Number of protein chains: 2
Amino acid sequence: MDYSTQAEHMSVHDDRECGSAPLDGIGRFIEQMGLSAQKDGVARISGRIFGYFIVHGGPVSFAQLAEELQVSRASVSTNARSLAALGIIERVTLPGDRQDYYQLAASPFLRMIESYLIRMRQMQEILQQADDSIPADMHATHARLAQMRRFYTAAVQANQTLIEDLGQ
Amino acid sequence: MDYSTQAEHMSVHDDRECGSAPLDGIGRFIEQMGLSAQKDGVARISGRIFGYFIVHGGPVSFAQLAEELQVSRASVSTNARSLAALGIIERVTLPGDRQDYYQLAASPFLRMIESYLIRMRQMQEILQQADDSIPADMHATHARLAQMRRFYTAAVQANQTLIEDLGQ
DNA sequence: AATCTTGTTCAGTCGTGACTGAACAATCTA
DNA sequence: TAGATTGTTCAGTCACGACTGAACAAGATT
């Protein structure tokens, strides 16, 4: 695995057995991004791609992504497109090149917060449904649901101001 | 599945085939809490237990939890203890009763935020390591890492003030 | 002592979903 | 036309981890 883009490093130790390559700082960071994504219920490869773009922001070709991260083109296709759908990376085209390129979006973290906000609003929807369909005489239950609702309202508010605080 | 605690409902339709029972509002809410937890990378049963306690806050015995949620005692043991470790529910003992009881913690949502904060701080740690171990001449990379770090700093800050805003 | 009751642990199963390879579609080049 | 090149899709595999049942430990009861 070679995460630099400099040609002279490309295949120094390339034909080794496919296990435990000692990772440098960059490689370790990318793997940790993968593990961290996995903990959040996101595909590990998505996290690794995100990490890769933190390191190399610039346009990177589809094929290069597959090769450097050592994953199939199919996985790159699926995961890069889902990251693009979230607005974390974006597709770009280079004139005179038929390949797809991706690059880090302008404000990837704002987009992350926005996807959190979507999740929270879904939760608010669930709470609304529960409040409507649970018998009105279960007062303690409704009180706890109201508390939960206050929490999500405040959390949504906090994240919206966070978006503003982070500028543009 | 009978989520009420009233005895007269206990076994009205009990001996049906073990599939798709039509869920009432309470049951639907509990299942949605389970699915929502799963999306967050948490065990579905943990989410259902949490939902159960939103509905029935009061002390509920270990055995009752297992029976009403239709899961093994082993699962209840594992998941209830992990929720208790997060401070979302807590163990209580009733005098003269050898069973374990659980109840909803005082401010379960504050504890949820605190566990998010832990995750964010781990992320900050990863960023610190990356910053230290990645060659200093990769200026663009360090700039992106710095941007990411600013994001997490702001997010941690926002969640801390959220905790304060939610009182006690 | 033997026998319940109650919670934990552990080996094993089973489902889910991430990931792959291969077939495919679309577009370019010769 | 045939043959590259490139991305997507889809069926299939495989790993991971949630969940279970059974064995176990620790008390209580007789």
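Letters A, B, ... are given to chains in the order of the sequence lines, protein chains preceding strands, and every chain is numbered from 1. Keep in mind that what you see is a predicted model, and the values were worked out from it rather than measured.
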Asks: D:dT5 base to A:Arg98 side chain: any donor-acceptor pair below 3.5 Å?
Replies: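 Yes.
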Asks: Among the nucleotides C:dT8, D:dT9, D:dC19, which one has an atom lying closest to any side-chain atom of A:Ala74?
Replies: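 Closest nucleotide among those given: D:dT9.
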Asks: Are B:Tyr101 and B:Val71 connected, step by step, through hydrophobic side chains (Ile, Leu, Val, Met, Phe, Trp, Tyr) whose heavy atoms are closer than 4.5 Å?
Replies: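 In one cluster: no.
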Asks: Report the distance from atom CG of B:Asp100 to atom P of D:dG27, rounded to the nearest whole Å.
Replies: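 So the two atoms are 13 Å apart, to the nearest Å.
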Asks: Tell me whether B:Met123 is reachable from A:Ile49 by hopping between hydrophobic residues (I, L, V, M, F, W, Y) whose side-chain heavy atoms are closer than 4.5 Å.
Replies: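 Yes, A:Ile49 connects to B:Met123 through the hydrophobic network.
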Asks: Could you give the CD-to-P distance, from B:Gln38 to C:dA18, as a whole number of Å?
Replies: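 After rounding, the reported distance stands at 11 Å.
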Asks: In whole angstroms, how far is the P atom of D:dG17 from the CG atom of B:Asn79?
Replies: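 It works out to 15 Å between those atoms.
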Asks: Does A:Val76 reach the side chain of A:Phe62, with side-chain heavy atoms less than 4.5 Å apart?
Replies: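 Yes, at least one pair of side-chain atoms sits under 4.5 Å.
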Asks: Would you mind classifying the nucleic acid contact of B:Ala43 as base, sugar-phosphate or nothing, using non-hydrogen atoms under 4.0 angstrom?
Replies: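 Sugar-phosphate contact only.
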Asks: Check the phosphate of D:dT8 against A:Ser77, side-chain N and O only, distance under 4.0 Å to OP1 or OP2. Yes or no?
Replies: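 Answer yes for this pair, as a side-chain N or O of A:Ser77 is under 4.0 Å from OP1 or OP2.
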Asks: Just how far, in rounded Å, is C1' of D:dG7 from CG of A:Asp97?
Replies: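 Computing the A:Asp97:CG to D:dG7:C1' distance gives 13 Å.
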Asks: Do the side-chain N and O atoms of A:Gln103 and A:Arg91 include a donor-acceptor pair separated by under 3.5 angstrom?
Replies: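 The answer is no; no qualifying pair exists.
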Asks: Any side-chain N or O of B:Ser75 under 4.0 Å from OP1/OP2 of D:dC19?
Replies: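 No.
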Asks: Do any side-chain nitrogens or oxygens of A:Arg73 fall under 4.0 Å of OP1 or OP2 in C:dC24?
Replies: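 The answer is no; no side-chain N or O of A:Arg73 sits under 4.0 Å from OP1 or OP2.
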Asks: Roughly, in whole Å, what's the span from CG in A:Leu35 to C1' in D:dC16?
Replies: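 Distance, rounded to whole Å: 13 Å.
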Asks: Nearest-Å distance, CD (A:Gln70) to P (C:dC19)?
Replies: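 Distance check: A:Gln70 CD to C:dC19 P gives 14 Å.
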Asks: How long is the line joining CD of A:Gln64 and P of D:dT5, in whole Å?
Replies: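 In whole Å, D:dT5 P and A:Gln64 CD are 17 Å from each other.
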Asks: Considering only side-chain heavy atoms of B:Phe62, which listed nucleotide, D:dT20, D:dG7, C:dT8, is closest?
Replies: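 Minimum distance to the B:Phe62 side chain belongs to C:dT8.
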Asks: Quick one: label B:Val76 by what it contacts on the DNA or RNA (base, sugar-phosphate, nothing), any heavy atom closer than 4.0 Å.
Replies: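 Counting heavy atoms under 4.0 Å across all strands, no contact is made by B:Val76.
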Asks: Starting at atom CZ of B:Arg48, determine the distance to atom C1' of D:dA18, rounded to an integer number of angstrom.
Replies: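 Interatomic distance, CZ of B:Arg48 to C1' of D:dA18: 13 Å.
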Asks: When all nucleic acid strands are considered with a 4.0 Å heavy-atom cut-off, which category describes B:Arg44: base, sugar-phosphate, or nothing?
Replies: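 Touches sugar-phosphate only.
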Asks: Taking the side chain as every heavy atom from C-beta outward, state whether B:Arg149 and B:Gln124 have any atom pair closer than 4.5 Å.
Replies: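 When only atoms from C-beta onward are counted, B:Gln124 and B:Arg149 do not touch, as no gap falls below 4.5 Å.
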